[in-house]
Engineer: 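Encoded as structure tokens, here's the structure I'll be asking about.
The structure displayed is predicted, hence computed values, not measured ones.
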Amino acid sequence: MTGHVLTFTGTALVAVYAFDADGGELRLAETVRSPGGPYALPASYPLSGRSPVADAFRSGRPLWLSPAELAEYGPSAPGPESAAGLSLGVLPLGGDGRGLGCLVVVDEAPEGIDADRRAFLELYAQHVAAGLEASGPHGRPEQRALAGSTLDRLQVGAFVLELSTGRMTADTPTLELFGIPLDDFDGQVETLLASTVPDDVPALMSIVEPGRLTPGSSQLAFRIRRPNGELRWLGLRCRVQAGADGTPERMLGVVAEASYLRPTADEVSMVQRLSAALAGATTIRDVGEAVVSALRDPLRARRVAVAELQADQLVVSILAPAEPTAWPEVWRSQWRSEFPDAPTHALPTLAETMRAGHVGLWPPGADLEPGLSGIGPGGLAVLPLPANGRIVGVCLIGWEQPHEFGPEERSLLTATAGLVGQALVRAHALDAEHELATMLQRSLLPRKLPVLPGGVAVTRYLPATMGLEVGGDWYDVIPLSDGHVALVIGDVQGHSAAAATIMGQMRTAIRAYAVEGHPPDVVVSHANRLLVDMETDLFATCAYVDLDMEEGEAWFVRAGHLQPLLRRPDGATEELTIEGGPPLGVVAEAEYPMTAIGLSSGTLVVLLTDGLVESAQLDLDDGVQQVRERLARADPSDPGRVADELLGSAARRHDDVALLLLRYDGMRVRPIRARWTVWRLPDAVMHARRFAARTLRTWGLEGELDVVLLVTSELVTNAMVHTTGEVHLNITLTADRLRIAVSDHSPRTPTKPTSVDWEATGGRGLLLVEAVSHAWGSVPLSGGKQVWSDITLSTPRDSGQSAAGGQDR
């Protein structure tokens with residue numbers, strides 16, 4: 001391969017100087033000359049002396065010398081002093097604090113080595129360094145013995161890709177590496193990609209696709225399948241050059257045989273385990289835990305950190321170990337929550353490695369800032385995490401005991417970085433999706449439950465932990481008139497945004513029908529007809545309970561839903577048998593019969609969805625029995641704790657879970673009601689006032705008489721003047737309130753005037769009602785409305801007070 005080296009570099013001489021740590025010098029390990037070349041090189045260079053080779057090695061940066069600049073070094077320059085017009089390039093081999101030696105290039109170029117060949121030579125030097133690393137552990141005699149064959153062994157080819165035309169020019173060694181005859185190459189990238197192993201094509205395309213190119217260098221190890229079936233590892237190093245306007249113009253690339261990158265069985269197993277763990281990671285925290293589990297123990301590392309890059313801040317997702325004392329001070333000073341956030345400006349070496357985008361490895365005792373040296377005193381690996389053409393985070397792996405990095409481990413860590421970077425991006429997308437789903441779910445479910453007279457209601461909702469964490473389960477607690485309350489629970493088919501949307505529409509519709517005053521079977525029938533008319537492919541199950549909090553009588557309606565559960569005051573539990581109809585949205589004219597159940601004080605009513613009692617591992621009947629057993633053991637004095645105990649401890653759920661529990665206590669002071677039908681007569685308002693006065697005297701509430709008569713006059717007058725049909729006056733006495741309510745058949749809500757001038761003949765009535773009422777309002781009621789006013793009692797009732805029964809006229 002000597003001829004290939006010189007053809008590739010286009011130079012007169014190429015040599016490798018290897019670093020001899022014991023002798024403190026750089027020793028000549030290998031030389032390749034063009035035929036007839038007269039140039040000789042010194043056998044060694046002292047590292048402490050002044051020479052182009054020593055200067056480049058110490059600085060760690062390439063040194064390019066024109067003939068004039070080379071002459072300034074005098075006798076220490078390579079080549080005979082009589083040779084004129086020689087240019088020199090010296091490129092350090094190795095990095096990350098591990099100088100392996102230098103690659104020396106002598107060229108007959110009076111103007112110096114041009115920029116294009118410099119770029120190729122720098123890429124070539126990276127391959128030579130990788131070959132030296134593969135020869136043996138750094139600094140040992142066996143490495144120097146093998147280094148002499150590095151250039152001869154290294155099969156290297158070069159290519160140029162014009163980005164504007166997509167045309168590729170590749171030399172003979174490149175085509176030989178791919179197994180493509182020179183005459184068969186058509187100058188298309190696709191011809192080379194056709195030989196690439198399919199699993200490695202996406203990674204290769206991420207480097208050569210025009211839409212992803214950015215000026216700078218990239219590297220990649222990939223596999224090809226030669227025409228004879230041989231599987232071969234190749235290493236690609238390329239550099240994109242930008243035009244005058246800063247846009248990528250062409251790509252210079254170097255391809256080399258890289259069989260030393262072939263992973264061992266243990267490394268393959270490690271990558272496979274990590275890949276499998278990352279496939280199931282749905283959050284940033286999951287990604288970090290997968291990395292720690294897959295790498296920390298197998299690599300015998302002491303510390304592992306995974307962090308996202310947000311602006312100039314590292315947002316840490318996991319540290320192992322998690323104790324603050326295990327990490328350097330710069331990390332502990334930022335420890336505000338479970339894990340710290342570290343500013344990148346406090347860790348310049350880390351920031352530079354992330355900008356370069358290459359895995360950084362530092363041997364034991366490397367000279368690093370305290371924030372990094374304390375992480376890995378025995379060796380430190382910094383893995384920038386790439387994804388979609390940018391660095392999205394970083395993984396730090398630190399060893400406490402001295403650790404040597406081999407080329408196979410570098411390859412392993414590079415592959416790991418790519419997997420973790422993609423997993424972070426995927427987890428971010430899932431986090432955003434989860435946040436959107438959670439926001440949608442919260443907006444559709446009740447934010448809080450109403451305070452109920454004579455009972456306590458609690459609810460629980462748990463989203464599914466598999467897939468999109470949003471579903472169609474819903475619940476609601478709806479206060480109704482006359483001391484009634486509606487309990488609703490339902491489940492829309494599926495787990496999607498569509499299911500959640502239908503759920504929100506069903507909950508709103510049922511609430512609206514219930515507040516209008518329809519009986520339970522009509523409420524459910526209306527909701528069914530609505531869902532059928534929506535022409536969706538989804539259906540819903542539902543259980544609806546209308547509970548009279550005064551009398552303890554409950555009316556149940558079931559639409560394809562699970563049977564409710566009861567816990568009696570003596571601790572006995574039962575699964576009710578409620579005759580039901582089909583799920584909502586299936587049959588337009590379905591009937592939903594009502595079933596009446598009497599409740600005594602201390603009874604628990606439990607409505608639930610099937611996610612709590614049924615799964616792939618749990619039969620429905622067994623699940624219901626388990627819930628009944630928990631319900632029997634629970635302490636009803638704390639309904640919230642009862643609900644928590646019913647949920648159990650299922651960590652991963654394929655279905656969401658909704659639970660609605662009400663403890664019926666009965667009302668300590670039961671309301672008293674009186675009702676009057678207002679006939680449309682000239683003196684109708686007078687008769688309504690007389691009825692209100694008689695009722696309040698009977699109840700012993702003469703102190704509120706004037707206010708009640710004023711409110712009655714105004715509300716009844718409004719109903720008689722602005723509506724038609726029957727008008728009803730209802731007076732309800734509770735513990736501390738008196739409610740005056742007037743019902744009519746007009747759905748139009750009364751509007752309070754914004755201002756009333758002196759010449760106005762009306763509009764003051766509602767202003768007067770508002771002034772004397774504790775609260776007032778209007779609610780729809782069976783095609784009409786009810787306007788009500790609450791008046792606070794000057795002396796609240798208690799259970800010892802008596803009052804005459806209600807009246808109905």
Engineer: Ignoring hydrogens, what is the shortest heavy-atom contact between Thr609 and Gly490? Give both atom names and the distance.
Structural biologist: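 Nearest pair, atom of Thr609 first, then Gly490: CG2-O, 3.8 Å.
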
Engineer: Would you check if Asn528 and Tyr592 make a side-chain contact, meaning some heavy-atom pair closer than 4.5 Å?
Structural biologist: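 They are in side-chain contact.
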
Engineer: Show the numbers, then the answer: is there a side chain to side chain donor-acceptor pair (under 3.5 Å) between His774 and Asp790?
Structural biologist: CA-CA 5 Å; His774 173 80; Asp790 281 351; over 6 Å; no

Engineer: I need the minimum non-hydrogen distance between Pro671 and Thr732, along with the two atoms involved.
Structural biologist: CB-CG2, 4.0 Å

Engineer: Show the nearest heavy-atom pair for residues Arg567 and Pro636, with the distance to one decimal.
Structural biologist: NH1-CG, 3.5 Å

Engineer: Quick one, Ser773 with Ser789, criterion side chain to side chain donor-acceptor pair (under 3.5 Å). Give me CA distance, side-chain angles, the key distance, then yes/no.
Structural biologist: CA-CA 6 Å; Ser773 301; Ser789 166; 2.4 Å; yes

Engineer: Just do the side-chain contact (heavy atoms from CB on, under 4.5 Å) check on Arg694 and Trp676 with the steps written out, would you?
Structural biologist: CA-CA 12 Å; Arg694 287 196 304 270; Trp676 175 267; 3.8 Å; yes

Engineer: How close do Arg460 and Tyr475 get, counting heavy atoms only, and between which atoms?
Structural biologist: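 Nearest pair, atom of Arg460 first, then Tyr475: O-CE2, 4.5 Å.
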
Engineer: Any luck finding a side-chain donor-acceptor pair between Arg663 and Thr603 under 3.5 Å?
Structural biologist: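 No, Thr603 and Arg663 have no side-chain donor paired with an acceptor closer than 3.5 Å.
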
Engineer: Where is the tightest heavy-atom contact between Gln493 and Leu538, given as atom of each residue plus distance?
Structural biologist: OE1-CA, 3.5 Å

Engineer: Just do the side chain to side chain donor-acceptor pair (under 3.5 Å) check on Thr541 and Asp491 with the steps written out, would you?
Structural biologist: CA-CA 5 Å; Thr541 64; Asp491 184 0; 5.0 Å; no

Engineer: Do Pro569 and Ser601 come within less than 4.5 Å of each other through their side chains, counting heavy atoms only?
Structural biologist: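 No, their side chains stay 4.5 Å or more apart.
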
Engineer: Within a 6.0 Å radius of atom CG on Asp706, are there more than 12 heavy atoms belonging to other residues, nucleotides or ligands?
Structural biologist: no

Engineer: Within a strict 4.5 Å, meaning less than it, do heavy atoms of the Arg737 and Leu793 side chains meet?
Structural biologist: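 No, too far: nothing below the 4.5 Å cut-off.
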
Engineer: What verdict does the side-chain contact (heavy atoms from CB on, under 4.5 Å) test give for Glu770 and Trp776, after you've listed the backbone C-alpha separation in whole Å, the side-chain angles of each residue and the deciding distance to 0.1 Å?
Structural biologist: CA-CA 7 Å; Glu770 181 182 51; Trp776 77 280; 3.6 Å; yes

Engineer: Do the side chains of Arg558 and Met594 get nearer than 4.5 Å, heavy atoms only?
Structural biologist: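 Met594 does not reach Arg558 side chain to side chain.
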
Engineer: Search all heavy atoms of Leu547 against all heavy atoms of Tyr664 and return the closest pair with its distance.
Structural biologist: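 Heavy atoms only, the tightest pair is CD2-CD1, 4.3 Å.
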
Engineer: Hey, which of Met720, Gln786, Glu726, Lys785 is the one that makes side chain to side chain contact (heavy atoms under 4.5 Å, CB included) with Asp744?
Structural biologist: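 Only match with Asp744 under side chain to side chain contact (heavy atoms under 4.5 Å, CB included): Lys785.
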
Engineer: Thr734 and Arg739: side chain to side chain donor-acceptor pair (under 3.5 Å), yes or no, with the steps?
Structural biologist: CA-CA 8 Å; Thr734 60; Arg739 170 165 288 196; over 6 Å; no

Engineer: Side chain to side chain contact (heavy atoms under 4.5 Å, CB included) with Val477: which of Ile489, Val485, Val488?
Structural biologist: Val485

